[in-house]
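The next block holds one structure in the form of structure tokens; read it before the comments.
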Amino acid sequence: MRRRELVDGLRRFGLLLAGVVVVTALVSVIAGLAFGASPRRSASVGLELVGALFVAAGFFSTNRAPVRAENPDRIEPRGLLGGLGGAARWATRDELDDAFLTSVTFVALGLTVLILGLALNPRGNGV
């Protein structure tokens, strides 16, 4: 990985983080004001909840099986829980790498948002 790719990736992560934090804080403050809570407490709770959801999504996205449908456009659900409904193949290295990096992104984003929420919490000592 070259330096330029790393800088671009960190820039994209920063933009994603800023978007998640701003939207979450805004929605949380509006909801908190509707329920009579302080804006700081509302933003803190909202960031903590969204951070925890992203961490959980990251852990759950890791658990995808390494088997993929041969033709994903023609999947026919079978049985109670569905299934591949046709030919199956092993996932390629690129698909496995993509799944792993998606999981890492969710966990990193979630932990960062969670830590920001904890630091903003007026009832605790912060981080």
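Under a 4.5 Å side-chain heavy-atom cut-off, the cluster of Ile, Leu, Val, Met, Phe, Trp and Tyr residues that includes Val29 is completed by Leu33. The other residues sharing a hydrophobic cluster with Val45 are Leu49, where clustering joins ILVMFWY side chains under 4.5 Å apart.
In this structure the side chain of Asp98 reaches within 4.5 angstrom of the side chain of Thr102, judged on heavy atoms.
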Name the atoms and distances for all side-chain donor-acceptor pairs under 3.5 Å in residues 14-25, with sequence neighbours left out.
| from | atom 1 | to | atom 2 | distance (Å) |
| --- | --- | --- | --- | --- |
| Thr24 | OG1 | Val20 | O | 2.7 |

Check residues 50-57 and write down every donor-acceptor pair under 3.5 Å in which the side-chain atom is one partner and the other belongs to a residue at least two apart or another chain.
none

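The ring-ring contact (aromatic ring centres under 6.0 Å, His included) contacts involving residues 4-31 comprise nothing, where partners must be two or more places apart or lie in separate chains. Screening residues 40-60 for salt bridge (charged side-chain N to carboxylate O under 4.0 Å, His left out) gives no qualifying pairs among residues at least two apart or on separate chains.
Ser42 is linked by a side chain to side chain contact (heavy atoms under 4.5 Å, CB included) to Ala37, counting only residues two or more places apart in sequence or in another chain. For Arg93, the salt bridge (Lys or Arg N to Asp or Glu O under 4.0 Å) partners at least two apart in sequence or on another chain are Asp97. With sequence neighbours excluded, the residues that form a salt bridge (Lys or Arg N to Asp or Glu O under 4.0 Å) with Asp8 are Arg4. Taking Arg2 as the reference, Glu5 meet the salt bridge (Lys or Arg N to Asp or Glu O under 4.0 Å) condition, with sequence neighbours excluded. In this structure, the side-chain hydrogen bond (donor to acceptor under 3.5 Å, both in side chains) partners of Ser103, at least two apart in sequence or on a different chain, are Thr62. Residues satisfying the side-chain hydrogen bond (donor to acceptor under 3.5 Å, both in side chains) criterion with Arg12, sequence neighbours excluded, are absent altogether.
The CG atom of Leu111 lies 13.5 Å from the CZ atom of Phe106; values are rounded to the nearest 0.5 Å.
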| request: Take Leu120 and Leu116, measure what side chain to side chain contact (heavy atoms under 4.5 Å, CB included) needs, and give me the verdict at the end. | output: CA-CA 6 Å; Leu120 190 62; Leu116 287 172; over 6 Å; no

